[in-house]
Colleague: 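Dropping the structure in here first, questions after.
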2 protein chains.
Amino acid sequence: MTTPRPGLRERKKQATRAALREAALRLAVERGPDQVRVEDIAEAAGVSPRTYNNYFVSREQAIVSAVTADREARIAAALAARPSGVRLADAVTEAVVEQYTNTGEREHKALLLITTTTALRKAFLDTTAGIEPPLTAVIAERLDDPGAHTARVLAASVAAAVRIALEDWLRPSGNPEAVRNLDAVGLVVPSGSLPDRLRAALSPLAPAFDAAERRTQP
Amino acid sequence: MTTPRPGLRERKKQATRAALREAALRLAVERGPDQVRVEDIAEAAGVSPRTYNNYFVSREQAIVSAVTADREARIAAALAARPSGVRLADAVTEAVVEQYTNTGEREHKALLLITTTTALRKAFLDTTAGIEPPLTAVIAERLDDPGAHTARVLAASVAAAVRIALEDWLRPSGNPEAVRNLDAVGLVVPSGSLPDRLRAALSPLAPAFDAAERRTQP
DNA sequence: CAGGAAAGATGCGCGCACGCAAGTTTGCGT
DNA sequence: ACGCAAACTTGCGTGCGCGCATCTTTCCTG
């Protein structure tokens with residue numbers, strides 16, 4: 001339903017976007033993030049620099065998007081997939097945790113990179129805002145909230161909480177030595193457990209979800 | 001306590017900052033926002049363009065800051081001033097509403113400008129994030145939450161809710177005619193009442209505040 | 001009050017984001 | 001199969017954000 005017809009045009013676009021973000025990530029990992037010019041990324045993707053800017057508004061966004069990809073959509077989908085019987089707060093929490101937990105090999109190197117560079121960390125944290133719209137839609141449906149006023153606030157709060165959790169998680173970024181050590185062992189987790197931090201950050205919002213849920217299904 | 005000694009250096013800095021934002025706003029109102037180059041602002045403030053960039057990272061931020069000024073601090077102060085007897089959720093709501101309500105004559109023209117320009121609207125909405133740190137501090141104190149983990153989440157949620165309220169408030173920005181009409185009458189309020197919108201956006205968070213408050217003062 | 005340290009202002013240079021006005025490709029109706 | 005309209009790509013030009021090195025101002029301490 002969401003894919004009536006891919007269309008050749010659309011496929012090419014997605015291919016270009018993918019090529020750009022992969023190139024951006026690869027180059028950033030190979031040389032340092034500061035040693036990658038837009039021109040390089042565009043060339044590696046077989047595209048003009050101007051076109052690159054039609055897809056990404058900043059170099060950081062391109063690199064980060066290779067890790068973030070379509071996390072927003074996957075979170076929304078994960079939430080929609082949960083049985084409607086469970087408490088909404090729990091469903092949201094688990095959906096979020098789930099999507100931030102599956103960490104592959106490639107993401108490790110990338111996360112490493114992001115941890116060390118300020119600009120990249122900022123860009124990475126900014127991606128949390130992207131989960132807002134899809135989350136709003138799903139929550140609004142569960143709450144039977146056509147105007148989606150409270151759904152929007154709740155979704156935005158979730159995004160903010162996730163942001164805070166991630167902030168804390170990759171805080172000790174000013175310590176290159178520790179990072180290097182972790183790199184040697186193949187670990188990324190800078191400090192503590194991400195799932196735990198996510199749950200902790202989201203838990204204060206649970207009462208708000210409960211109240212909203214109670215309001216529609218007494 | 002917060003002002004042990006102004007110091008000449010600090011005063012000059014604030015003066016420069018003020019000169020820059022006033023110049024930015026004035027020029028933006030006189031000609032269009034797009035007809036103001038950084039060079040103009042710097043010159044009007046009697047400062048080099050490079051120095052301007054030491055104070056503001058973007059032209060939009062400079063213009064908007066003339067309206068936002070130190071709203072963050074004032075919100076925090078307003079909250080801290082409330083008697084500790086009242087419900088935290090109410091105290092926060094009223095503090096926020098109060099600080100977004102006092103709208104002078106100059107802000108009207110500025111708001112007008114912001115409403116019409118996409119980039120300015122974006123910058124304006126981004127300022128809501130600035131209330132997060134001071135709000136966190138005050139909330140953490142009320143909750144007696146040293147680590148401020150829940151306080152941070154709540155403060156961030158408030159910021160997000162305020163953002164949404166403002167978004168809705170100045171939504172019909174694509175309608176220059178209506179704006180012009182309002183201008184003629186001296187009204188800015190694009191649609192509905194801002195205080196109402198703020199209260200509506202914040203209300204879903206009340207249960208979260210109640211629960212947090214209950215946890216510390218049973 | 002002298003003199004050094006710390007903070008700030010400024011000039012320079014580099015990439016970058018993006019509007020604009022072509023040129024090129026894809027989609028669709030007939 | 002043709003051809004037009006819409007979508008996308010690209011080159012060009014402009015102003016901007018900011019790192020870096022240098023010079024000036026403010027501050028502090030003996």
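Below, chain A is the first sequence line, B the second, and so on; all start at residue 1. Computed over heavy atoms, backbone and side chain alike; hydrogens, waters and symmetry mates excluded. From a predicted model like this one, the values you see are computed outputs, not experimental measurements.
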Colleague: Rounding to 10°, can you tell me the angle the first-five-pair axis of the helix from C/dC1-D/dG30 to C/dT30-D/dA1 makes with its last-five-pair axis?
Modeller: 40°

Colleague: Taking atom P of C/dA17 as reference, at what distance in whole Å does atom CD of A/Gln61 sit?
Modeller: 10 Å

Colleague: Can you name the residues that form a side-chain contact (heavy atoms from CB on, under 4.5 Å) with B/Lys13, not counting sequence neighbours?
Modeller: B/Glu10, B/Tyr55

Colleague: Please identify each residue that fulfils salt bridge (charged side-chain N to carboxylate O under 4.0 Å, His left out) with B/Arg9, with sequence neighbours left out.
Modeller: none

Colleague: Looking at residues at least two apart in the chain, or sitting in another chain, which of them share a salt bridge (charged side-chain N to carboxylate O under 4.0 Å, His left out) with A/Glu98?
Modeller: A/Arg82

Colleague: Sequence neighbours left out, what passes side chain to side chain donor-acceptor pair (under 3.5 Å) with B/Asp196? Give chain and number order.
Modeller: none

Colleague: Enumerate the side-chain hydrogen bond (donor to acceptor under 3.5 Å, both in side chains) contacts for residues 33-42 of chain B, please, sequence neighbours excluded, ordered by first and then second residue.
Modeller: B/Arg31-B/Asp40

Colleague: Using the side-chain hydrogen bond (donor to acceptor under 3.5 Å, both in side chains) rule, collect all pairs that involve residues 64-79 of chain A, keeping only residues at least two apart or in two chains.
Modeller: A/Arg74-A/Gln99

Colleague: Which ones in residues 36-53 of chain A lie close to DNA chain D, meaning a heavy atom under 4.0 Å from one of its atoms?
Modeller: A/Val47, A/Ser48, A/Arg50, A/Thr51

Colleague: Starting at the 5' end of nucleotides 2-8 of chain C, put B wherever the base has a protein heavy atom under 4.0 Å, S where only the sugar-phosphate does, and a dash everywhere else.
Modeller: ----BBS

Colleague: Kindly state each residue pair satisfying salt bridge (Lys or Arg N to Asp or Glu O under 4.0 Å) with at least one member in residues 14-30 of chain A, sequence neighbours excluded.
Modeller: A/Glu22-A/Arg106, A/Arg26-A/Glu30

Colleague: Output all residues satisfying side-chain contact (heavy atoms from CB on, under 4.5 Å) with A/Pro133, sequence neighbours left out; order by chain, then residue number.
Modeller: none

Colleague: Does B/Ala119 offer a backbone N or O that forms a donor-acceptor pair with the side chain of B/Thr117 under 3.5 Å?
Modeller: no

Colleague: Round to a whole Å and report the spacing from CZ of B/Arg59 to C1' of D/dG17.
Modeller: 12 Å

Colleague: Which of these passes side-chain hydrogen bond (donor to acceptor under 3.5 Å, both in side chains) with A/Asp126: A/Arg163, A/Gln61, A/Arg121?
Modeller: A/Arg163

Colleague: What is the distance from NZ of A/Lys122 to P of D/dG17, rounded to the nearest Å?
Modeller: 13 Å

Colleague: Taking atom P of D/dG15 as reference, at what distance in whole Å does atom CD of B/Glu60 sit?
Modeller: 15 Å

Colleague: In whole angstrom, give the distance that lies between atom CD of A/Gln35 and atom P of C/dC14.
Modeller: 15 Å

Colleague: Show every salt bridge (Lys or Arg N to Asp or Glu O under 4.0 Å) that has at least one partner inside residues 138-160 of chain B, sequence neighbours left out.
Modeller: A/Glu167-B/Arg152, A/Asp168-B/Arg152

Colleague: Rounded to whole angstroms, how far apart are NZ on B/Lys12 and P on C/dT10?
Modeller: 10 Å

